[in-house]
Protein chains: 2
Amino acid sequence: MKVTMKQIAKEANVSVATVSHVINGTKHITEDKYNKIMQIIHKYNYKPNSTAKNLRQQKTKTAGMVVSSFPDSFITEMVYGVEERAREMGYNLLLVNTNEDKNYEEETINLLHSKMVDGIILSPTSNDIEYLNAFTDEDFPIVLVNRYNNIVQHAPKVTGDNVQTGYDATMHLLQHGHKKIGMIYGVSNVSTTDERIEGYKKALQQYNLPFNDSYFELGHATVSGGAAAAKSLLSRHSDITALFIQNDLMTIGAISQIKDLLLKIPDDIALIGFGDFASSSIIDPPVTNIVLPPDTIGKTAFDVLLNKINNPDYTKHIELPPSLITRQSCGCK
Amino acid sequence: MKVTMKQIAKEANVSVATVSHVINGTKHITEDKYNKIMQIIHKYNYKPNSTAKNLRQQKTKTAGMVVSSFPDSFITEMVYGVEERAREMGYNLLLVNTNEDKNYEEETINLLHSKMVDGIILSPTSNDIEYLNAFTDEDFPIVLVNRYNNIVQHAPKVTGDNVQTGYDATMHLLQHGHKKIGMIYGVSNVSTTDERIEGYKKALQQYNLPFNDSYFELGHATVSGGAAAAKSLLSRHSDITALFIQNDLMTIGAISQIKDLLLKIPDDIALIGFGDFASSSIIDPPVTNIVLPPDTIGKTAFDVLLNKINNPDYTKHIELPPSLITRQSCGCK
DNA sequence: CAAAGTTGGTAAAACGATTAACCAAAAGGA
DNA sequence: TCCTTTTGGTTAATCGTTTTACCAACTTTG
């Protein structure tokens with residue numbers, strides 16, 4: 001049977017209040033009483049019941065994190081960053097993966113809210129997140145991470161600078177002389193994709209090249225999805241000489257497809273992927289990626305959540321800059 | 001301000017008990033009262049406070065999952081399986097990554113226990129888990145997954161058949177004519193490694209080959225750790241013609257190292273990795289892996305946890321069989 | 001020595017639900 | 001009609017803590 005504070009108190013011949021004070025150091029207790037209580041606590045390996053504590057204190061020292069997909073290494077590392085910072089700060093993390101299911105996302109937020117987490121870090125599945133306003137309006141702390149949306153007024157945001165990401169990747173390919181650049185992405189109607197497209201356009205404009213959205217291809221964010229997207233895109237536009245791919249798994253799939261078509265990377269098709277996934281350097285040829293720092297984004301998001309919890313007025317959009325890791329797939333070196 | 005049941009009751013001119021009965025369907029309530037209460041609930045978007053509910057019911061419909069590492073794709077997919085099944089069953093999952101820190105693992109179990117999760121699925125960081133007995137002795141449900149240990153008597157276990165895994169991989173290489181087979185692993189003193197070594201020995205025995213543990217190399221379970229381990233092992237034993245590597249990241253690192261040494265895969269060094277990681281088929285040459293089904297292991301583990309929660313006497317060790325996915329790196333085809 | 005602090009400790013009211021026990025009124029049965 | 005059930009609803013205890021308010025006993029201080 002689970003031992004409670006009442007039983008500790010009884011055995012030590014003191015009130016529960018005294019036991020509580022000993023545990024929390026909220027009042028000075030004479031040494032002999034203190035020692036006796038401590039000894040009994042250790043004897044039973046007693047740990048206060050957090051549920052009761054949470055109920056009384058109206059806070060849980062638990063944060064929720066809701067992400068839209070998991071196998072993706074970018075998200076995994078972001079979660080890892082959040083985890084690490086949460087731990088440092090003495091928080092637990094309730095992690096839920098919605099698997100890009102919008103309805104489940106909303107359900108989850110409701111659930112976490114009723115579980116009394118102190119706040120939520122959310123990487124939403126789409127731009128369609130007005131429902132969040134019901135929460136932010138009552139000052140329930142929600143931080144948007146990675147993907148965001150200005151519909152939600154009072155939520156702070158931590159994201160990568162995706163316009164710059166799209167711009168830098170595209171510019172790099174343009175500078176290598178490419179003029180017909182295809183883009184493959186795995187999710188539509190999210191800020192990350194939209195902004196990278198915006199950056200892509202901006203780069204093209206700078207080179208006075210026309211923009212044509214049939215050079216974009218949406219696929220499933222999986223290895224096979226990447227292969228299918230590459231196949232479809234390359235058969236539609238045989239003039240494409242370079243590809244910018246938004247996701248690690250799709251990059252792997254696209255490369256496999258390109259090899260199947262007996263095309264050479266980078267000579268026939270140059271390629272830039274996204275995110276510094278583990279096998280990048282080992283694939284033939286090694287893959288050039290544009291990266292945003294998932295770990296830093298995660299840690300920052302948790303810091304921002306803490307700020308938001310302590311100060312409901314906190315509203316800020318922190319954007320982290322991308323960097324390019326050049327290897328051979330883009331034609332460098 | 002957050003609305004409570006009391007306020008709903010007041011506005012509907014009924015007792016809190018009635019509201020509770022409406023919400024939980026625990027008693028029949030006349031239609032007009034029912035409607036009125038429901039309407040007020042929707043008006044405020046009221047959700048019962050789970051902390052209070054948990055406290056009263058002495059259960060949380062939340063399970064804990066504690067894993068020892070995260071970037072590893074095997075673990076990620078296992079977590080994914082647990083997540084999915086937990087969701088199906090209406091449970092939340094409190095996921096914690098100990099990052100192979102034994103002390104933190106123990107702390108975490110304590111923490112989760114006091115958070116009143118209904119049970120824990122644990123992939124322990126080492127064999128050193130006697131501390132768990134304190135929990136299982138008081139019938140707190142803990143399921144060991146992936147790695148296990150018979151020191152903990154009353155915990156059910158869900159693992160891969162790692163003896164078979166080691167045996168099958170080694171046999172496959174032996175059948176290809178290899179006699180000097182190196183093995184690289186990332187964690188010591190865990191059942192997975194120990195059992196795979198056991199399987200390795202068994203296969204060697206069957207071929208009447210001598211066993212020598214200097215053909216084993218322990219490294220960090222990372223890309224660079226894999227590279228370093230391969231370098232050290234191959235320089236120690238230039239006679240090695242095949243490698244069996246226990247972890248996806250290390251496999252990637254080892255391949256990169258082998259290429260740096262200007263050795264050919266599979267001609268100079270044949271290679272079998274572990275786990276069907278995404279880039280296996282795209283790496284040059286495509287990597288043969290022996291795999292255990294992480295998703296099934298995860299789902300099964302959750303089912304077993306549920307069994308354990310409902311029946312404290314449940315103690316069973318479920319072992320899932322491996323399968324070999326042959327590609328070119330082992331010399332096949 | 002009386003008044004004023006200080007100190008160590010306790011009683012009891014929260015926190016927000018669930019649920020056993022109870023009760024009046026309505027319905028059913030003899 | 002009177003007695004028994006059923007129905008719809010309420011009261012109050014309970015879960016295991018924290019924390020405010022209070023109190024007695026002891027110390028200081030003027």
Side-chain angles (χ1 to χ4, degrees), chain A residues 1-38 40-41 44-62 110-118 138 140, chain B residues 1-38 40-41 44-62 110-118 138 140:
Chain A
M1 199 45 221
K2 223 168 152 167
V3 47
T4 72
M5 209 157 89
K6 205 169 167 184
Q7 295 162 49
I8 303 281
K10 193 171 173 188
E11 191 160 334
N13 269 320
V14 295
S15 71
V16 286
T18 307
V19 177
S20 175
H21 285 133
V22 162
I23 289 169
N24 300 298
T26 32
K27 205 161 229 180
H28 187 259
I29 304 293
T30 40
E31 205 177 327
D32 47 347
K33 272 204 166 55
Y34 180 94
N35 288 337
K36 180 157 193 189
I37 291 170
M38 273 317 218
I40 298 175
I41 284 176
Y44 290 112
N45 188 30
Y46 166 75
K47 297 277 187 297
N49 176 322
S50 305
T51 308
K53 182 175 181 168
N54 293 340
L55 178 60
R56 175 62 227 238
Q57 297 191 323
Q58 297 292 85
K59 65 180 178 195
T60 60
K61 281 268 188 179
T62 300
N110 266 311
L111 187 70
L112 289 176
H113 180 242
S114 75
K115 282 253 178 198
M116 290 204 50
V117 300
D118 296 343
E138 62 171 57
F140 180 67
Chain B
M1 200 44 222
K2 218 163 160 174
V3 47
T4 72
M5 208 157 90
K6 204 170 168 183
Q7 295 162 49
I8 304 282
K10 194 172 172 186
E11 192 159 332
N13 269 321
V14 294
S15 71
V16 286
T18 307
V19 177
S20 174
H21 286 134
V22 162
I23 289 170
N24 300 298
T26 32
K27 206 159 230 181
H28 186 258
I29 304 293
T30 41
E31 204 176 327
D32 48 346
K33 271 202 165 60
Y34 180 93
N35 289 336
K36 180 158 193 189
I37 291 170
M38 274 316 222
I40 298 176
I41 285 176
Y44 290 112
N45 188 30
Y46 167 75
K47 297 276 186 296
N49 176 322
S50 306
T51 307
K53 182 175 183 169
N54 293 341
L55 178 60
R56 175 62 228 240
Q57 298 191 321
Q58 296 291 85
K59 66 181 178 195
T60 59
K61 280 269 188 179
T62 300
N110 266 311
L111 187 70
L112 290 176
H113 180 243
S114 74
K115 283 253 178 197
M116 291 204 49
V117 299
D118 296 342
E138 63 170 59
F140 179 66

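None of these values were measured; they are calculated from a predicted model. Residue numbers start from 1 in every chain, and the chains themselves are labelled A, B, ... in the order their sequence lines are given, proteins ahead of strands.
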(request) Quick one: pull up CE in A:M5 and CG in A:N49 and give me the separation to the nearest 0.5 Å. (result)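 A:M5 atom CE to A:N49 atom CG measures 10.5 Å (nearest 0.5 Å).
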(message) Measuring from atom CD of B:Q57 to atom CG of B:D118, what distance do you get when rounded to the nearest 0.5 angstrom?
(response)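 CG of B:D118 is found 10.0 Å from CD of B:Q57.
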Looking at [options], which one has an atom nearest to any side-chain atom of [X]?
X: A:M5; options: D:dT18, C:dG9, C:dT18; result: D:dT18
X: B:K53; options: C:dT18, C:dT10, C:dG16; result: C:dT18
X: A:H21; options: D:dT19, D:dG9, C:dG9; result: D:dT19

Looking at [N], I'd like to know if its phosphate oxygens (OP1 or OP2) sit under 4.0 Å from a side-chain N or O belonging to [X].
X: B:S20; N: C:dT18; answer: yes
X: A:T30; N: C:dG9; answer: yes
X: A:H28; N: C:dG8; answer: yes
X: B:Q57; N: D:dC15; answer: no
X: B:K27; N: D:dT7; answer: no
X: B:Y46; N: C:dA17; answer: yes
X: B:Q58; N: D:dG16; answer: yes
X: B:N24; N: C:dT18; answer: yes

Could you state the atom-to-atom distance from [atom1] of [X] to [atom2] of [N] in whole Å?
X: A:K61; N: D:dT18; atom1: NZ; atom2: P; result: 14 Å
X: B:E31; N: D:dT7; atom1: CD; atom2: C1'; result: 16 Å
X: A:N54; N: D:dC15; atom1: CG; atom2: C1'; result: 14 Å
X: A:K47; N: D:dG16; atom1: NZ; atom2: C1'; result: 16 Å
X: A:K59; N: D:dT18; atom1: NZ; atom2: P; result: 12 Å
X: B:I29; N: D:dT6; atom1: CD1; atom2: P; result: 18 Å
X: B:K6; N: C:dC15; atom1: NZ; atom2: C1'; result: 10 Å
X: A:Y34; N: C:dG9; atom1: OH; atom2: C1'; result: 16 Å

(message) For a 4.5 angstrom cut-off between non-hydrogen side-chain atoms, does A:K53 reach A:K61?
(response)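 No, every pair of side-chain atoms sits at 4.5 Å or beyond.
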(message) Nearest heavy atom decides the nucleotide; on that basis, is B:N13 or B:L55 closer to the 5' end of DNA chain D?
(response)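 Final value for this comparison: B:N13.
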(message) For a quick check under 3.5 Å, do B:E11 and B:Y44 share a side-chain donor-acceptor pair by atom type?
(response) yes
(request) Would you confirm whether B:T26, through its side chain, and B:N24, through its main-chain N or O, come within 3.5 Å as a donor-acceptor pair? (result)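 Not confirmed, B:T26 side chain does not pair with B:N24 backbone.
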(message) Taking NZ in B:K47 as the centre, count heavy atoms belonging to other residues, nucleotides or ligands within less than 6.0 Å. Is the count above 12?
(response) yes
(message) For D:dT17, does the base pair up with any side-chain atom of A:R56 as donor and acceptor (N or O, under 3.5 Å, distance only)?
(response) no
